[in-house]
Amino acid sequence: MKAVIETRGLSRHYGEGDTLVKALDSVDVTIEAGEFTAIVGPSGSGKSTLLQLMGGLDNPSEGEVFLAQNNIFSMASQTLSDFRRDHIGFIFQAYNLIPVLNAAENCEYIMLLQGVPEAERKERVYNILKRVGLGGKETRLPSELSGGQQQRVAVARAMASNPDIILADEPTANLDSKTGTELLDMMHELNKSEGMTFVFSTHDPKIMERASRLVHIEDGRIINDERR
Ligand SMILES: Nc1ncnc2c1ncn2[C@@H]1O[C@H](COP(=O)(O)OP(=O)(O)OP(=O)(O)O)[C@@H](O)[C@H]1O
């Protein structure tokens with residue numbers, strides 16, 4: 001199996017002395033291509049911190065993250081920013097779409113930054129939006145879409161850059177149970193049919209049920225890592 005992300009001795013500390021918080025404490029984990037991994041654990045256990053560090057959105061106190069065999073924290077910040085854009089798709093709890101851009105433009109934006117030619121951009125956006133069940137809604141603004149539809153745009157946007165991996169931080173937390181299940185089934189289908197690798201930070205039992213791997217974190221440390 002091919003390693004997509006590998007962390008080595010990854011730690012993130014806040015404060016010092018009496019107020020020191022070890023949000024993440026020497027975590028070694030390797031995410032392999034095609035996995036559908038849920039990072040689970042109690043509130044405050046370090047799930048989001050791990051996801052943020054895996055994606056190079058935060059800096060570790062100690063340790064390393066290798067993405068596609070590249071040590072991301074040894075990169076200059078612009079290099080990291082470009083590398084992240086080309087290799088990782090992010091999905092956040094709050095959708096984080098650009099409000100003045102319509103569904104298609106939200107997806108197209110990353111490809112524009114990647115220098116993908118216009119005709120190819122349009123075709124890819126059309127196909128991806130259809131793939132996530134939003135065919136015909138290309139010109140809707142985020143405010144004209146339901147929460148579930150906005151999160152589908154966020155999934156489409158994450159896929160648009162053709163990333164190695166999608167990191168999703170509590171993607172169903174703001175959705176009702178039925179909408180969350182539909183979104184999850186769609187991501188699971190993308191995992192099965194296209195081999196897209198996903199890592200979730202979650203409390204959602206529905207994600208845990210479908211996960212091919214459950215990584216349990218407590219107090220910033222991995223206490224169990226179960227493939228099934
Ligand atoms: N900016 C910060 N300053 C100080 N402490 C922080 C900061 N961010 C996170 N922490 C602490 O780090 C620990 C891990 O936080 P993290 O958000 O990763 O947990 P989590 O498992 O994702 O929690 P939840 O399930 O509630 O989202 C917590 O104790 C949190 O209070």
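We count ligands from 1, going down the list as the structure has it; atoms in each ligand are counted the same way. No hydrogens, no waters, no symmetry mates; every other heavy atom, side chains included, goes into these values. Here the structure is a predicted model, which means the values were calculated and not measured.
- In this structure, L134 is a member of the same hydrophobic cluster as I166, with clusters built from ILVMFWY side-chain heavy atoms closer than 4.5 Å.
- For ligand 1, the 4.0 Å heavy-atom shell takes in Y14, V21, A23, P42, S43, G44, S45, G46, K47, S48, T49, H203, ordered by chain and residue number.
- For Y95, the side chain to side chain contact (heavy atoms under 4.5 Å, CB included) criterion is met by L97, Q150, Q151, N174, L175, not counting sequence neighbours.
- Tested against M159, the residues I110, I91, L190 include a single side-chain contact (heavy atoms from CB on, under 4.5 Å) partner, L190.
- With hydrogens and angles disregarded, no donor-acceptor distance shorter than 3.5 Å links the side chain of R213 to the backbone of E35.
- Residues passing the side chain to side chain donor-acceptor pair (under 3.5 Å) test with Q52, sequence neighbours excluded: none.
- Taking Ile, Leu, Val, Met, Phe, Trp and Tyr as members and joining any whose side-chain heavy atoms lie under 4.5 Å apart, directly or through other members, the hydrophobic cluster of I98 also contains V100, L101, Y109, L113.
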